[in-house]
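Please read the structure below before turning to the comments.
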Protein chains: 2
Amino acid sequence: MGAALIPFDEVLDRLTRVFRDEGYEAASLANLSRATGLGKASLYHYFPGGKADMATAVAERSNEIFREKILLPLLGPGEPRMRILGMLDNLDRYYARGEDSCLLGMLAMGGSVTLFQKQVRAGIEGWILALARVLGEVGFAETDALQRAEDAVLRIEGALLVARGIGDAGPFSRTLARMRETLLEL
Amino acid sequence: MGAALIPFDEVLDRLTRVFRDEGYEAASLANLSRATGLGKASLYHYFPGGKADMATAVAERSNEIFREKILLPLLGPGEPRMRILGMLDNLDRYYARGEDSCLLGMLAMGGSVTLFQKQVRAGIEGWILALARVLGEVGFAETDALQRAEDAVLRIEGALLVARGIGDAGPFSRTLARMRETLLEL
DNA sequence: GTCTATACACCGATAGAC
DNA sequence: GTCTATCGGTGTATAGAC
């Protein structure tokens with residue numbers, strides 16, 4: 001009969017970890033099966049579209065979680081400057097001090113970007129827009145706020161890429177530290 | 001008998017394009033064979049270690065070309081400020097205005113980073129050190145110069161990642177524009 | 001140094017029992 | 001809803017002729 005062995009969200013979490021650590025192409029069904037404890041056929045029960053289906057679901061859920069953990073506190077109540085500094089702390093935790101990679105970044109730098117461009121775009125642009133909005137509250141003019149927000153987001157992404165590439169989380173930590181001093185400056 | 005059909009450097013160039021556009025895992029021997037016009041067995045003649053061998057060779061050559069086209073002009077003769085601004089123009093051309101991805105970035109965000117970490121580290125750190133040196137000539141203190149250089153490099157990488165991820169080169173162009181105004185400022 | 005042909009493991013995906 | 005067993009295809013890699 002087979003009741004669900006673990007909650008579906010837990011399945012998504014484990015799939016996320018594999019895609020985030022290995023990238024889309026290197027994440028084999030054998031990996032994904034092992035990570036979830038589910039047989040391949042069971043994975044196909046939840047995701048009829050197979051691996052691509054799993055990755056898009058995982059990317060969408062990742063965007064939701066990012067929204068909860070990063071964007072809502074950023075937009076939420078409190079003094080705007082403090083919320084922006086709080087975002088930097090939350091990012092530090094979210095990306096495990098630079099040890100974890102960004103799922104969207106991994107999907108972006110893979111051979112099948114186009115499959116996930118909708119989710120990548122939504123995640124990136126949602127982040128930029130939210131940050132720009134709070135920078136606006138702080139007093140930056142709209143275009144300046146947008147520029148700063150875009151710059152901040154792509155610096156985080158670049159820092160995670162470089163950290164992963166050289167096997168040293170230092171660039172991520174230093175990037176957060178620099179942004180603490182410059183993001184609100186001028 | 002079989003003389004070389006195309007110069008070896010041309011083979012490397014074509015392999016580079018495949019790895020840079022598809023990433024390591026998605027670049028199949030069939031792709032690489034088609035792109036070079038060489039049969040699989042011929043590729044194994046040049047690269048006994050197979051695909052990993054091709055990718056490391058390609059990464060090393062990519063670092064050499066980057067050095068020629070970007071780092072030497074940056075370090076070369078001329079007024080330091082102008083050389084730094086010149087680097088930004090050269091990067092704009094090198095990455096085809098944001099349409100091309102960074103090979104090292106693609107390798108960094110793949111499931112086999114560890115295979116290429118030596119080359120990725122060499123490329124990234126060589127770039128940072130060169131830029132820091134010229135920033136030093138401009139008058140920035142050593143630690144400040146290093147911070148600025150690291151920040152600049154990871155912004156370029158982040159901009160290329162975001163551009164690829166959303167399918168729009170805009171973030172890359174805007175990043176170069178912002179850096180033209182801020183990299184030498186303060 | 002290039003090719004054709006092929007080995008054989010693993011890939012994503014499916015069938016069908018329970 | 002889960003499993004085992006298996007499919008056909010493609011992956012990397014090799015053998016051996018020319």
Side-chain angles (χ1 to χ4, degrees), chain A residues 1-59 61 103 106-107 110-116 119, chain B residues 1-59 61 106-107 110-116:
Chain A
M1 189 138 308
L5 295 181
I6 54 176
F8 188 66
D9 277 0
E10 174 69 17
V11 170
L12 282 174
D13 283 348
R14 298 190 187 188
L15 293 178
T16 301
R17 230 164 291 144
V18 178
F19 283 119
R20 190 242 277 144
D21 294 343
E22 317 272 345
Y24 178 70
E25 338 279 344
S28 67
L29 287 213
N31 291 166
L32 297 162
S33 175
R34 202 177 321 118
T36 52
L38 262 47
K40 296 183 191 180
S42 296
L43 287 174
Y44 274 87
H45 169 74
Y46 292 112
F47 306 98
K51 205 169 84 159
D53 209 347
M54 296 177 214
T56 55
V58 147
R61 177 163 156 85
L103 171 73
M106 292 293 282
L107 296 177
S112 314
V113 211
T114 49
L115 282 178
F116 315 110
Q119 288 80 15
Chain B
M1 191 137 306
L5 295 181
I6 54 175
F8 187 67
D9 277 1
E10 174 68 18
V11 171
L12 281 174
D13 283 349
R14 298 191 188 185
L15 293 178
T16 301
R17 229 163 291 142
V18 178
F19 284 118
R20 190 241 278 143
D21 294 344
E22 316 273 344
Y24 179 70
E25 337 279 345
S28 67
L29 287 208
N31 290 166
L32 297 163
S33 174
R34 203 177 319 116
T36 53
L38 263 47
K40 298 181 190 179
S42 297
L43 287 175
Y44 273 88
H45 170 72
Y46 292 113
F47 307 98
K51 205 170 84 157
D53 209 348
M54 296 179 215
T56 54
V58 146
R61 176 165 157 83
M106 291 293 282
L107 295 178
S112 315
V113 212
T114 50
L115 281 179
F116 316 111

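Every chain is numbered from 1, with letters handed out A, B, ... down the list of sequences.
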Need one value for [X]: base, sugar-phosphate or nothing, where a base atom within 4.0 Å counts as base even if backbone is also close, heavy atoms only.
{"X": "A/Ala52", "value": "nothing"}
{"X": "A/Ala26", "value": "nothing"}
{"X": "B/Ser28", "value": "sugar-phosphate"}

Distance below 4.0 Å between [X] side-chain N/O and [N] OP1 or OP2:
{"X": "A/Ser42", "N": "D/dG1", "result": "no"}
{"X": "A/Lys40", "N": "C/dA13", "result": "no"}
{"X": "A/Tyr44", "N": "D/dG1", "result": "no"}

Between A/Thr56 and A/Gln119, do the side chains contain an N or O donor and an N or O acceptor separated by less than 3.5 Å?
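There is no such pair between these side chains.
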
Taking [X] for its side chain and [Y] for its backbone only, find out whether a donor-acceptor pair lies under 3.5 Å.
{"X": "B/Tyr24", "Y": "B/Ala52", "result": "yes"}
{"X": "B/Ser33", "Y": "B/Leu38", "result": "yes"}
{"X": "A/Glu25", "Y": "A/Ser112", "result": "yes"}

Distance in angstrom units between [X] [atom1] and [N] [atom2], rounded:
{"X": "B/Tyr46", "N": "D/dT12", "atom1": "OH", "atom2": "C1'", "value": "20 Å"}
{"X": "B/Glu22", "N": "D/dG11", "atom1": "CD", "atom2": "C1'", "value": "15 Å"}
{"X": "B/Phe47", "N": "D/dT14", "atom1": "CZ", "atom2": "P", "value": "15 Å"}
{"X": "B/His45", "N": "C/dG1", "atom1": "NE2", "atom2": "P", "value": "4 Å"}
{"X": "A/Asp53", "N": "C/dA13", "atom1": "CG", "atom2": "P", "value": "10 Å"}
{"X": "A/Leu29", "N": "C/dA13", "atom1": "CG", "atom2": "C1'", "value": "7 Å"}
{"X": "A/Leu32", "N": "C/dC11", "atom1": "CG", "atom2": "C1'", "value": "12 Å"}
{"X": "A/Asn31", "N": "C/dA13", "atom1": "CG", "atom2": "P", "value": "14 Å"}

B/Phe47: which residues meet the ring-ring contact (aromatic ring centres under 6.0 Å, His included) condition with it, sequence neighbours left out?
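With neighbours one apart ignored, the set is B/Phe8.
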
Closest listed nucleotide, where the reference is the side chain of A/Leu38 and the choices are D/dT2, C/dA15, C/dT2:
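So the nucleotide nearest the side chain must be D/dT2.
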
Shortest side-chain distance from A/Lys51, nucleotide among C/dA15, C/dA13, C/dC3
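Comparing C/dA15, C/dA13, C/dC3 against the side chain of A/Lys51, the answer is C/dA13.
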
